[in-house]
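Each remark here refers to the structure printed beneath this line.
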Amino acid sequence: MNNDDPAGGLRCLVTGATGYIGGRLVPELLAAGHRVRCLARSPGKLRDHPWAGETEVVRGDVTDAASVAEAMRDVDVAYYLVHALGSGSGFEETDRRAARVFGEQAKAAGVRRIVYLGGLAPAGVPEERLSPHLRSRTEVGRILLASGVPTAVLRAAVIIGSGSASFEMLRYLTERLPVMITPSWVRTRIQPVAVRDVLRLLAGSAGLPDDVNRTFDIGGPDILTYREMMQRYARVAGLPRRLIVAVPVLTPGLSSHWVGLVTPVPASLARPLTESLRHEVVCHEHDIDRYVPGPPGHPLGFDEAVRLALRRVREARVTTRWSSAAVPGAPSDPLPTDPDWAGGSLYTDHREAAVDAPAHELWRVIEGVGGDNGWYSFPLAWSLRGRLDRLAGGVGLRRGRRDAQRLRVGDSLDFWRVEEIEPGHLLRLRAEMRLPGLAWLEMCAESDGNGRSRYRQRALFHPHGLLGHAYWWSVSPFHAVVFGGMARNIARAAARQAPASAR
């Protein structure tokens with residue numbers, strides 16, 4: 001980036017580019033003619049995004065002043081789209097420290113503007129009565145506004161868009177439960193906003209006048225209760241009207257487990273979402289429209305936002321999902337390698353199978369594993385493992401896939417995450433389930449040069465303590481069925497698929 005080149009638009013730093021909003025904002029900024037630098041703890045997760053070649057990606061963490069200072073160099077506008085939600089009981093302090101570092105380094109670097117997406121806080125409710133999630137979002141906004149850098153804090157309630165956690169929660173609750181006993185928060189009034197309008201306003205905020213330093217409430221034209229949102233979703237989706245009975249006995253904790261049971265959103269994420277719905281969240285001003293006027297038809301109404309989101313889901317064009325960001329606390333150690341890894345015990349399970357199909361057909365099956373396609377062995381065992389993970393507070397199997405056929409580094413895949421992909425050859429998954437250790441699953445397609453191929457599969461487990469060793473030995477008797485069956489069935493599926501592809 002070069003401060004002396006005004007023809008290339010503004011120089012924008014985006015944090016949280018591996019997440020749901022950040023991953024969609026980057027192409028919006030590029031389309032507007034801006035130059036984009038992304039700050040990421042794991043830059044490799046952005047490698048396969050279609051816009052990766054048009055951006056600069058630097059490694060760093062918002063709590064590390066030195067890496068933030070380097071990322072801020074020559075930046076005009078800095079987007080703060082990260083939070084420590086779910087990282088443990090001290091997430092509020094982590095958020096507080098990160099916001100201070102970000103504001104201080106932006107000031108030192110001469111950044112012209114900070115843009116932050118926060119949560120819409122209810123009017124008249126003392127801050128101590130807000131949910132920890134919303135209270136922390138409010139505090140982060142206050143810290144950035146006091147940083148000495150002109151800041152725009154955009155505050156949204158429920159964001160409706162394909163792949164958003166709020167939309168997935170609404171979608172699965174409505175589609176799976178024609179009759180439901182619900183918490184009393186379904187009667188709370190909410191002002192949802194379409195993700196398209198959120199992105200439009202975030203991108204437009206880069207050009208706000210230098211003297212603007214304030215919060216802006218952002219929302220769509222409709223104010224609805226959650227019950228009304230479910231009924232209107234059902235109508236747009238072509239479902240019968242839902243019978244919804246609200247009761248006061250479901251606490252936030254019970255509500256989050258109820259949501260976690262019915263939807264792909266785990267209880268750890270559902271809790272802050274449901275706690276934020278205890279109070280009315282309605283916009284009290286629309287001043288952002290004076291600075292970033294919308295085109296005709298914007299902001300989108302609730303029904304149109306749902307219609308567009310459903311179309312994206314059905315056409316498999318979901319570019320980012322709520323699960324795009326890594327699970328807080330998930331392991332980030334490098335994969336142990338056989339020759340030079342000296343980190344202690346490493347258990348492995350190797351499987352191979354000859355495949356009566358070319359390697360590219362085998363690769364199609366490998367890249368398609370998980371989600372609705374399943375794992376090619378003992379579905380009951382996989383389902384049970386997913387349920388146990390849910391009960392332990394993990395993500396379970398319901399995250400599914402972003403795309404039914406294609407994967408990219410950083411994608412969530414049920415209770416795995418894609419750590420490495422070499423198209424046509426290697427898929428490496430890292431476990432994000434609750435385990436007493438670190439686990440990986442590798443799948444490889446290799447050609448034999450004669451129109452056939454060989455499937456190689458390797459499961460690795462690095463135990464943590466005695467419990468980790470006990471875990472491995474307790475499940476190893478089932479490996480022949482689970483992993484052995486997986487290797488055989490993937491080979492068979494590729495062989496069956498080859499003649500069909502040749503026609």
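Each residue takes its place number in the sequence, starting with 1.
Between Thr319 and His49 the shortest side-chain heavy-atom distance does not fall below 4.5 Å. Contact annotation: the side chain of Ile160 approaches that of Phe302 to within less than 4.5 Å [non-hydrogen atoms, C-beta and beyond]. Within the 4.5 Å cutoff, the side chain of Val198 has no heavy atoms near those of the Arg200 side chain. Looking at Pro295 and His298, their side chains come closer than 4.5 Å, going by heavy atoms from C-beta outward. In this structure, the side chains of Cys38 and Val26 come closer than 4.5 Å at one or more pairs of heavy atoms. Within the 4.5 Å cutoff, the side chain of Leu130 has heavy atoms near those of the Pro122 side chain. A heavy-atom distance below 4.5 Å is not found between the side chains of Trp472 and Pro463. No side-chain heavy atom of Leu120 sits under 4.5 Å from any side-chain heavy atom of Val193.
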Criterion side chain to side chain contact (heavy atoms under 4.5 Å, CB included) on Leu429 and Leu413, from CA distance to verdict
CA-CA 8 Å; Leu429 307 175; Leu413 179 59; 3.9 Å; yes

Just do the salt bridge (charged side-chain N to carboxylate O under 4.0 Å, His left out) check on Arg428 and Glu422 with the steps written out, would you?
CA-CA 9 Å; Arg428 181 187 302 138; Glu422 297 175 14; 5.9 Å; no

Passes salt bridge (charged side-chain N to carboxylate O under 4.0 Å, His left out), Arg47 versus Glu420? Steps please.
CA-CA 10 Å; Arg47 186 190 70 195; Glu420 183 56 84; 3.0 Å; yes

Between Asp411 and Lys45, is a salt bridge (charged side-chain N to carboxylate O under 4.0 Å, His left out) present by the stated rule, with each step listed?
CA-CA 8 Å; Asp411 271 358; Lys45 291 182 179 179; over 6 Å; no

Show, in sequence, the C-alpha distance, side-chain angles and deciding distance for Asp403 and Arg406, and conclude whether the salt bridge (charged side-chain N to carboxylate O under 4.0 Å, His left out) test is met.
CA-CA 6 Å; Asp403 185 290; Arg406 299 287 179 263; over 6 Å; no

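Looking at Arg59, its side chain does come within 3.5 Å of a backbone N or O of Arg41 through a donor-acceptor pair. Arg35 places no side-chain N or O within 3.5 Å of a backbone atom of Leu10 that could act as its donor or acceptor partner.
Side chains of His462 and Tyr347: a donor-acceptor N/O pair is absent below 3.5 angstrom, by distance only. Using a 3.5 Å distance cut-off with no hydrogens or angles, the side chains of Ser412 and Arg417 do not pair a donor with an acceptor. One side chain, Asp95 or Ser136, offers a donor N or O that lies under 3.5 Å from an acceptor on the other. A donor-acceptor contact under 3.5 angstrom links the side chains of Arg137 and His83, judged on distance only. Side chains of Asp414 and Trp375: a donor-acceptor N/O pair is present below 3.5 angstrom, by distance only.
Taking a cutoff of 4.0 Å between a charged side-chain nitrogen and a carboxylate oxygen, Lys107 and Glu104 do not qualify as a salt bridge. Using a 4.0 Å cut-off between charged side-chain N and carboxylate O, Glu127 and Arg142 make a salt bridge. A salt bridge is absent between Arg290 and Glu285: the closest approach of a Lys/Arg side-chain nitrogen to an acidic carboxylate oxygen does not fall below 4.0 angstrom. Using a cutoff of 4.0 Å between basic side-chain nitrogens and carboxylate oxygens, Arg214 and Asp287 are scored as salt-bridged.
Cation-pi geometry between Arg100 and Phe102 is not met at under 6.0 angstrom from the ring centre and within 45 degrees of the axis.
A distance of 13.5 Å separates CZ of Arg73 from CD of Gln105, quoted to the nearest 0.5 Å. Between Trp51 atom CH2 and Leu30 atom CG the span is 8.0 Å, to the nearest 0.5 Å.
Between Tyr471 and Phe461, the gap from one ring centroid to the other is short of 6.0 Å.
Partners of Trp416 under the side-chain hydrogen bond (donor to acceptor under 3.5 Å, both in side chains) rule, at least two apart in sequence or in another chain, do not exist in this structure.
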